[in-house]
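Input: a single structure, listed below in structure tokens.
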Number of protein chains: 2
Amino acid sequence: MERPELPLAQLHAFVVLAEELHFGHAAARLGIAQPPLSQQIRRLEDKVGHALFTREPGRVALTAAGRELLPAARRALTDLADGLAAARAVGSGRAGHLRIGFAASLALTVLPGLLRAFRGRFPDVRLDIREMTTAPQIAALRDKSIDVGLLREPPADDASDEAELAFRTVLTEPFVAVLPSAHPLAALRTVRLARLADEPFVLLPRETGPRLHDQITGLCAAAGFTPWVAQRAVEWQTVCALVETGLGVSLAPASIRRIRLKGVAFRTVEPNARTRVAVGWRKDDLSPLVAHLLATVSRDPDSAR
Amino acid sequence: MERPELPLAQLHAFVVLAEELHFGHAAARLGIAQPPLSQQIRRLEDKVGHALFTREPGRVALTAAGRELLPAARRALTDLADGLAAARAVGSGRAGHLRIGFAASLALTVLPGLLRAFRGRFPDVRLDIREMTTAPQIAALRDKSIDVGLLREPPADDASDEAELAFRTVLTEPFVAVLPSAHPLAALRTVRLARLADEPFVLLPRETGPRLHDQITGLCAAAGFTPWVAQRAVEWQTVCALVETGLGVSLAPASIRRIRLKGVAFRTVEPNARTRVAVGWRKDDLSPLVAHLLATVSRDPDSAR
DNA sequence: GCGCTCCATACGCACAGAGATATCAGACCA
DNA sequence: TGGTCTGATATCTCTGTGCGTATGGAGCGC
């Protein structure tokens, strides 16, 4: 790639003149007087080394050399205009590409509203959403395979080893007991946690979200028992299905009320605790898209319908 | 098409830096010091309105906006470089497109050498050659459907109605008598024209080249007779074939000796006259290609082998 | 012949920007 | 802790060029 020889301003003048084929009109379209235009063209012709127009009195026409240069000049100008517009759109966050990880349990609650709100505001941004549990999201944020994560129970903000990631709580929600409809406790409005002490439990594997898992077992411990986990399942959907078949009961974030199954009842528990849903991102990620997404999350707190 | 906002020099610097990802190396490749390069990039970023590179200590990288701008910048630069080169090639006559009309009788003499010489000198020029007799060539030159004509017996240079066309004689050649090999006159080295007075003639139609036709009949008239035209044919090739079958004799430019037929003999005639082959072009055609072709014609006078 | 249109030329001004040198600041390494 | 590498900043110079106004000159039509 060599040093460019032709100033863009002159090429612009050239293209306009090639369209108008009239110095006066072309100058008017360019918003300048006629003599400067003559100069522009002259300078361009000097640089090219050949005449680009023939000026017979009354008629201006392109030469063969001019016909050769014209399409290249036109392409270059439109390419640059388009490229500049695209770069500005991306730079300002009006366009681009955002990869979002999300916890499966949010697929029916926070996520739809958030996506709808964001898409409404930034229709040219391509959203790449992928379901991931908490721990993989943190790893994915670190290795930059996602830009934003929506997860449950993030590491504490002040954890020393999380210097590169930031989290902000999006919402908190209570836990609910997940019971088979036929279960005696399902008849109550509120279930005291201790009453679940002897029930078999269905839970997610601890690795998929250690802090949430610990919070659940911690709740049980506070109620005076250690839950006996009869079955593990990797999705809340599956957990509910297993509960329906009578394999056990569960404790889950209230979000999963959205999973409507005939044979499953959700009951508030007592004593309760709230679990946090947070949004996480890389602190050093200056992308305006991330900023916009974070702003959208804050602006629409009830997007978690 | 709007006024271009991004100076090409800055885009060039941008592209080079995007390839090197190192200010020092990029500056070296650009042949400038490092601070000016920093300025170029800064100015470009100011105009775009967003950062194009991230400068973490030790590693320079493109931002999303920069990645968006890069291909457009690259395309624009190469387009312009290519377009400029093409325009210069066309302007200088090293490339382009030339339409040449030629008389059929030259297809075996002047033309091959001329084309070979021209192609050798200007391999990037596309030559569009089309066979035309004299009168259509003049019309084609006028309406610009050909750029150069190779023809026999052009109108006189000083003809008042030929102000827009110019002609230059390429070569002159004598006439030869075309006889069946078995013809008694074929036994002679030279044929006196008057001896053909009672022979039937095979000639081209007058319209295809009135001046050549008139020259032939003029020769006969000078020898004291008016030729009896037993047959007309539109190509010299055909004329020779008809002579071979004994349908008559003919008078033709010496070029047609190239048409070798077993039963046809070519004999010089006496008295003789020479016929001119000329190249014609539009006087107002400033194309360097035409100038080059004319120069080639002059430079290789013996291309008429 | 006169005026009109159209383009070129001449001259002047002002500003952007490309280049240089010199210096500074942060990161990293020995 | 000091040296090195990297990029940013400051300041200055100078050229290019973009634009203006004023003017010239060639065709063309009335």
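Scope of the values below: all heavy atoms of this structure, side chains included, with no hydrogens, waters or symmetry mates. A note on names: the letters A, B, ... follow the listed sequences, proteins ahead of strands, and every chain is numbered from 1.
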Listed partners of [X] passing ring-ring contact (aromatic ring centres under 6.0 Å, His included), at least two apart:
| X | value |
| --- | --- |
| A:H97 | none |
| B:F122 | B:F118, B:H292 |
| B:F14 | B:F53 |

At under 4.0 Å between heavy atoms, which parts of nucleotides 24-30 of chain C does protein reach? Answer with one letter per nucleotide, 5' to 3': B base, S sugar-phosphate only, - none. ---S---
What pairs of residues pass the side chain to side chain donor-acceptor pair (under 3.5 Å) test when at least one of them lies in residues 54-72 of chain A, not counting sequence neighbours? A:E45-A:R55
Protein-nucleotide distance ([X], atom [atom1]; [N], atom [atom2]), rounded to Å:
| X | N | atom1 | atom2 | answer |
| --- | --- | --- | --- | --- |
| B:L44 | C:dA18 | CG | C1' | 14 Å |
| B:L30 | C:dG17 | CG | P | 17 Å |
| B:Q40 | C:dA16 | CD | P | 15 Å |

On a heavy-atom basis, which atom in [X] and which in [Y] lie closest, and how many Å separate them?
| X | Y | value |
| --- | --- | --- |
| B:A13 | B:Q40 | CB-CB, 4.1 Å |
| A:A166 | A:K283 | CB-CG, 3.7 Å |
| A:A87 | B:L69 | CB-CB, 4.0 Å |

Residues from residues 9-20 of chain B sitting under 4.0 Å of DNA chain D, heavy atoms only? none
If you measure only the distance, is there a donor-acceptor pair under 3.5 Å linking the side chains of A:T275 and A:E153?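 The answer is yes; a qualifying pair exists.
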Can you confirm whether the side chains of A:R276 and A:T172 place a donor and an acceptor under 3.5 Å from each other? no
Give every pair of a protein N or O atom and an N or O atom of nucleotides 9-12 of chain C that lie under 3.5 Å apart, one pair per line with the distance.
from: C:dT9; atom 1: OP2; to: A:R42; atom 2: NE; distance (Å): 3.3
from: C:dC11; atom 1: N4; to: A:Q39; atom 2: NE2; distance (Å): 3.3

Under-4.0 Å side-chain N/O to phosphate OP1/OP2 contact, B:K47 with C:dG17: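 For C:dG17, OP1 or OP2 has a side-chain N or O of B:K47 closer than 4.0 Å.
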Strictly below 4.0 Å: does A:H22 bring a side-chain N or O up to OP1 or OP2 of C:dC7? yes
Considering residues at least two apart in sequence or located in another chain, which fulfil the side-chain contact (heavy atoms from CB on, under 4.5 Å) criterion with A:L80?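 Residues passing side-chain contact (heavy atoms from CB on, under 4.5 Å) with A:L80: A:L8, B:L8, B:L11, B:A76.
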Nt span of DNA chain D in reach of chain B heavy atoms at under 4.0 Å, 5' end first, is D:dT6 to D:dC19
Checking B:R206 now: which residues fulfil salt bridge (charged side-chain N to carboxylate O under 4.0 Å, His left out) with it, not counting sequence neighbours?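 With neighbours one apart ignored, the set is B:D214.
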Run the salt bridge (charged side-chain N to carboxylate O under 4.0 Å, His left out) test against B:E19 and tell me which residues pass, sequence neighbours left out. B:R29, B:R74
Side-chain donor-acceptor contacts of residues 31-39 of chain B below 3.5 Å, not counting sequence neighbours, with atom names and distances?
from: B:Q34; atom 1: NE2; to: B:S38; atom 2: OG; distance (Å): 3.1

